[in-house]
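Notes follow once the structure below has been shown.
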Amino acid sequence: MALRFEILGRFNRARASRLTLPHFVCQTPLFMPVGTQGTIKGLTTSQLEDIGCQIILGNTYHLALRPTPELLDEVGGLPKFMNWPRAMLTDSGGFQMVSLLHLADITEKGVTFQSPVDGKPMLLTPEESIQIQNKIGADIIMALDDVIKTTTTGARVKEAMERTLRWIDRCIKAHKRPHDQNLFGIVQGGLDPELRDICVKGMVERNLPGYAIGGLSGGEDKNSFWRVVAQCTAALPEDKPRYVMGVGYPLDIVVCSALGADMYDCVYPTRTARFGTALVPEGVLKLKNRDMADDTRPIDPTCSCMVCKNYTRAYIHCLVTKDAMGSQLLSYHNLYYMMQLSRNLHSSIVEKRFPKFVCDFLHRMMKIITSSACYPLLMPQ
């Protein structure tokens, strides 16, 4: 395995760790920005380093279309191509089964997509997904899984879970770079506890470097979402990283960290920035609103990022949705917020003040007056 996972601190199920990957030593809990085609829109790689980004995520399906895995392999991999010196994770392309469902046909062999670029059919098999990711060269690569919407019910949920288990064996067999790339399996099973248990057990039997919890954040209610995370983290190995896929709301990251998860990714911080919304401790701040026009305060007076030190709400109000500079500044701030949240989670666990951190976080974000709402997260489990 091309990683080392060391737990540095705990509080009940929450843990802070050091994750050593081929290209960077990370600390968890951590958030990974999504750079679909080798870029976080509007930001340079040096800016991402400045804000403390540890891992960025690339999309196998889109990278296979452009710039192509052959070119990336020729130049030494995506990290070198985009001048990124730290760690990288690539997804398998499986999520496009949901996001591009109208273009996809799923069979046991793989997924046939109609390319949104030229309309030609493109077959993505487990073997092809791994071969592409081997050429892209990320530190962590994801197995191709059969992804369905979380709200799907009936026989299709069982079919997708069982196919995911069959496909993981094909992915393992196809993986040619286990010495420098870590293949993570993905737990599927929808909202069905029995199916999730079967899938967790099957993945753990493969003794993979790490495990992801997939198929969430697709429209299910929070209680169902958190229940699945709690169930899966309780059954996954203590000595391996746990990655909840597609999660980017700060509240969800705090809750999932309390439940024992380590890694997260989502387009939310940068996508919401492009629509003029900033992340702040109280929730969100909509810079497009009229009352921002003459507000000369920083986005967040408690934030030490470059944007909050140098620009006012009024200035950004003039830019949002009208000038690229507005989305760039908000993307920088939002990702800084996510990186700081990750750092605070890590340090609060290591320094044994996690309960206070969670209660303070909920008090500011949700206006909770007492600590009663923190109780389920902070009780021994």
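Keep in mind it's a predicted model, so treat the numbers as computed, not measured.
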Which heavy atom of A235 sits nearest a heavy atom of V204, and at what distance?
-> O-CG2, 4.3 Å
OH (Y336) and CG (N334) are apart, to the nearest 0.5 Å, by 13.5 Å
More than 12 heavy atoms of other residues, nucleotides or ligands under 6.0 Å from OH of Y249: is that the case?
-> no
Where does the angle between the aromatic ring planes of F357 and F354 fall among parallel (under 30°), tilted (30 to 60°) and perpendicular (over 60°)?
-> parallel
So, are E194 and R196 salt-bridged, with charged N and O less than 4.0 Å apart?
-> no
Under 3.5 Å, is there a donor-acceptor pair between the Q181 and D139 side chains?
-> no
Indicate if L191 and M245 have the same hydrophobic cluster label, given that clusters are the connected sets of ILVMFWY residues with side-chain heavy-atom separations under 4.5 angstrom.
-> no
Compare all side-chain heavy atoms of L123 with those of V111 and state whether any distance is below 4.5 angstrom.
-> no
Quick check: does any side chain N or O of T45 sit under 3.5 Å from a backbone N or O of W84, one acting as donor and the other as acceptor?
-> no
Are the side chain of S224 and the backbone of E220 linked by a donor-acceptor contact shorter than 3.5 Å?
-> no
State whether the number of non-hydrogen atoms from other residues, nucleotides or ligands found under 6.0 Å of R4 atom CZ is greater than 12.
-> no
Check: Q47 and C53 side chains under 4.5 Å, non-hydrogen atoms = no
Is E108 salt-bridged to R166, going by a charged N under 4.0 Å from an acidic O?
-> yes
Backbone of M292 reached by a side-chain donor or acceptor of H317 within 3.5 Å = no
With distance as the sole test, does T164 use its side chain to make a donor-acceptor pair with the main-chain N or O of D146 at under 3.5 Å?
-> yes
Residue pair T28 / S17, side-chain donor-acceptor N/O under 3.5 Å = yes
Y264 and M338, any side-chain heavy atoms less than 4.5 Å apart = no
Using a 4.5 Å cut-off on heavy atoms from C-beta on, say whether the side chain of L251 contacts that of M366.
-> yes
Indicate yes or no for a side-chain donor-acceptor contact from D192 to the backbone of L195 under 3.5 Å, with no hydrogens or angles considered.
-> yes
For residues H333 and C305, determine if any side-chain heavy atom of one lies less than 4.5 Å from a side-chain heavy atom of the other.
-> yes
Checking side chain to side chain contact (heavy atoms under 4.5 Å, CB included) for the pair L48/T44: CA distance, chi angles, key distance, verdict?
-> CA-CA 6 Å; L48 294 171; T44 66; over 6 Å; no
Is Q54 reaching over with its side chain to a backbone N or O of Q27, donor-acceptor style, under 3.5 angstrom?
-> yes
So, for A143 and I186, which heavy atoms are closest and what is the spacing to 0.1 Å?
-> O-CD1, 3.4 Å
Output for pair (Y211 OH, R206 CZ), nearest 0.5 Å, gives 10.0 Å
Kindly indicate, with the supporting measurements, whether the criterion side chain to side chain contact (heavy atoms under 4.5 Å, CB included) is fulfilled by Y243 and L89.
-> CA-CA 11 Å; Y243 164 27; L89 180 149; 3.8 Å; yes
What do you reckon, is CZ of R86 surrounded by more than 12 foreign heavy atoms closer than 6.0 Å?
-> yes
N/O donor-acceptor pair under 3.5 Å between D300 side chain and T302 backbone = yes
Any chance you could lay out the side chain to side chain contact (heavy atoms under 4.5 Å, CB included) test for L19 and M263, step after step, and finish with the verdict?
-> CA-CA 10 Å; L19 174 60; M263 303 167 61; 4.1 Å; yes
If you round to the nearest 0.5 Å, how far is CG of L330 from OG1 of T270?
-> 11.5 Å
Decide side chain to side chain contact (heavy atoms under 4.5 Å, CB included) for L216 and I213; before the verdict, give the C-alpha distance in whole Å, the side-chain angles of both, and the deciding distance to 0.1 Å.
-> CA-CA 8 Å; L216 295 173; I213 302 167; 3.8 Å; yes
Approximate separation, where rounding is to 0.5 Å, of T90 OG1 and Q133 CD | 3.5 Å
Could you check R13 against T233 for side chain to side chain donor-acceptor pair (under 3.5 Å), going step by step and ending with a plain yes or no?
-> CA-CA 9 Å; R13 288 170 64 171; T233 54; 2.6 Å; yes
Is there a donor-acceptor contact under 3.5 Å from the side chain of Q231 to the main chain of P193?
-> yes
Is there side-chain contact between D145 and W167, with heavy atoms separated by less than 4.5 Å?
-> no
Should L208 and V244 be regarded as members of a common hydrophobic cluster, given that ILVMFWY residues are connected when their side-chain heavy atoms come within less than 4.5 Å of each other, either directly or indirectly?
-> yes
Are D295 and R313 within salt-bridge range, i.e. N to O under 4.0 Å?
-> yes
Can you list the steps and then say if Q37 with N59 is a side chain to side chain donor-acceptor pair (under 3.5 Å)?
-> CA-CA 6 Å; Q37 289 187 294; N59 183 282; over 6 Å; no
Should V267 and L57 be counted in the same cluster of Ile, Leu, Val, Met, Phe, Trp and Tyr side chains packed under 4.5 Å apart?
-> yes
Same apolar cluster (I L V M F W Y, side chains within < 4.5 Å links), F11/V229 = yes
Looking at side-chain heavy atoms only, is the closest gap between T125 and L144 below 4.5 Å?
-> no
Applied to residues 237-261, the salt bridge (Lys or Arg N to Asp or Glu O under 4.0 Å) test, sequence neighbours excluded, yields R10-E238, R15-E238, K222-D252, E238-R242
So, does S347 use its side chain to make a donor-acceptor pair with the main chain of R343 at under 3.5 Å?
-> yes
Treat each ILVMFWY residue as a node, draw an edge where side-chain heavy atoms are under 4.5 Å apart, and state whether L285 and Y311 are in one component.
-> yes
Considering all heavy atoms of both residues, which atom of A212 and which atom of M142 are nearest to each other, and what is their separation?
-> CB-CE, 3.6 Å
Regarding R274 and the six-membered ring of Y268, is the cationic atom NZ or CZ under 6.0 Å from the ring centre and inside 45° of its axis?
-> no
Separation between CG (L21) and SG (C26), nearest 0.5 Å, reads 5.0 Å
Taking all atoms of both residues into account, what is the closest heavy-atom pair of P281 and R364, and its distance?
-> CB-CZ, 3.5 Å
Taking only Lys NZ, Arg NE, NH1 and NH2, and the carboxylate oxygens of Asp or Glu, determine whether D197 and K201 approach each other closer than 4.0 Å.
-> no
Please name the pair of heavy atoms, one in G218 and one in T151, separated by the smallest distance, quoted to 0.1 Å.
-> O-CG2, 4.3 Å
Side-chain (S348) to main-chain (N344) donor-acceptor, under 3.5 angstrom | yes
What are the two closest heavy atoms between I168 and L165, and how far apart are they?
-> CG2-O, 2.9 Å
Determine, stepwise, if the pair K356 / D360 fulfils salt bridge (Lys or Arg N to Asp or Glu O under 4.0 Å).
-> CA-CA 6 Å; K356 184 178 187 307; D360 289 347; 2.6 Å; yes
Kindly indicate whether the side chain of I136, heavy atoms from C-beta on, has any atom under 4.5 Å from the side chain of I141.
-> no
Could you tell me the separation between the CE atom of M203 and the CD atom of Q188, rounded to the nearest 0.5 Å?
-> 8.0 Å
